[in-house]
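What follows is a single structure, written as structure tokens, with notes after it.
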Amino acid sequence: MVKMKKKTVIILVLSLFVVLLSSCGGNSLTIEEYEWHLKTAMRIDDSQLSVIATGELDEAHPEAKIVDVTLKAANGRLTVTDKTNKKEYTGTYKVNGKTPEGTEYKVIINGVEGHAGVAMTTYHDGTEQPTLPINLGSYSLYFYA
């Protein structure tokens, strides 16, 4: 029960993050600035959230498959490369809004429409890292630079 609540909170935080990015304009981080690496892939089925893959060993989710997935963006086009399974997915992106902290996008990957946001994430130890959460249908993907 505690795990489910924690996972639900993570999804809500990621969704709120994307919504907050759309609130105002300004110079901000963009999706094109980095090569992105998958940290976590989650899926929601019947109100159940499960971590299905991670980019590295994650002791909190030992059931998750470890994958090597990257995302690159340029000129409105996305390329997601799954080196683990030797697959490539393509898509598009369009800016929905900007804030001084980041940029929100409408994305379509492999025919599935969703939303994404790029911003700096500050961790408990004070370090910061550019992050890219993407919500696609029943999937949430979390990338880092």
Notebook entry, point to check: Do T122 and E128 have side-chain N/O donor and acceptor atoms under 3.5 Å apart?
Noted result: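 T122 vs E128: donor-acceptor pair found between side chains.
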Margin query: Can you confirm whether the side chains of D68 and T84 place a donor and an acceptor under 3.5 Å from each other?
Written below: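 Checked: D68/T84 side chains show no N/O donor-acceptor pair below 3.5 Å.
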Under 3.5 Å, side chain of [X] to main-chain N/O of [Y], donor-acceptor pair present?
X	Y	answer
T99	E101	yes
Q48	D45	no
T90	V80	no
D58	A60	yes
Y105	I31	yes
S50	I52	no

Calculate, to the nearest 0.5 Å, the distance between atoms [atom1] and [atom2] belonging to [X] and [Y] respectively.
X	Y	atom1	atom2	answer
Y123	Q129	OH	CD	4.5 Å
Y142	I134	OH	CD1	12.0 Å
E35	T79	CD	OG1	11.0 Å
E63	T54	CD	OG1	9.0 Å

Shared hydrophobic cluster, [X] / [Y] (ILVMFWY, side-chain heavy atoms < 4.5 Å):
X	Y	result
V118	L136	yes
M120	L132	yes
Y139	L71	no

Notebook entry, point to check: Between K72 and E32, is the closest basic N to carboxylate O distance under 4.0 Å?
Noted result: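 Result for this pair is no, no salt bridge flagged.
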Between [X] and [Y], what is the shortest heavy-atom contact and its length?
X	Y	answer
A73	L78	CB-CD2, 3.5 Å
L29	A119	CD1-C, 3.6 Å
A116	V107	CB-CG1, 3.9 Å
N135	S140	OD1-OG, 2.7 Å
G117	P133	O-CD, 2.9 Å

Next item on the list: Let me know which of R77, E113, K106 forms a side-chain contact (heavy atoms from CB on, under 4.5 Å) with T92.
Entry: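 The side-chain contact (heavy atoms from CB on, under 4.5 Å) with T92 is passed solely by R77 among R77, E113, K106.
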Next item on the list: Test V69 against every option in W36, Y89, F143 by the side-chain contact (heavy atoms from CB on, under 4.5 Å) rule and name the one that passes.
Entry: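 Single side-chain contact (heavy atoms from CB on, under 4.5 Å) partner of V69 among W36, Y89, F143: F143.
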Note to self: Please determine whether the number of non-hydrogen atoms from other residues, nucleotides or ligands lying under 6.0 Å from atom CG of D125 exceeds 12.
What the structure shows: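 Counting neighbours around CG of D125, more than 12 heavy atoms of other residues, nucleotides or ligands fall under 6.0 Å, so yes.
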Notebook entry, point to check: Is it true that atom CG of N75 has more than 12 heavy atoms of other residues, nucleotides or ligands lying nearer than 6.0 Å?
Noted result: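 At most 12 heavy atoms, drawn from other residues, nucleotides or ligands, come within 6.0 Å of this atom.
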Notebook entry, point to check: Can you tell if the side chain of K83 reaches within under 4.5 Å of the side chain of T70, non-hydrogen atoms only?
Noted result: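 Yes, side chains in contact.
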Notebook entry, point to check: Mind checking whether T103 and V95 have side chains closer than 4.5 Å, heavy atoms only?
Noted result: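 Counting from C-beta outward, T103 and V95 do come under 4.5 Å.
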Next item on the list: Fit a plane to each ring of H37 and Y144, take the angle between them on a 0 to 90° scale, and name the class: parallel (under 30°), tilted (30 to 60°) or perpendicular (over 60°).
Entry: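 Rings of H37 and Y144: tilted, as their planes differ by 30° to 60°.
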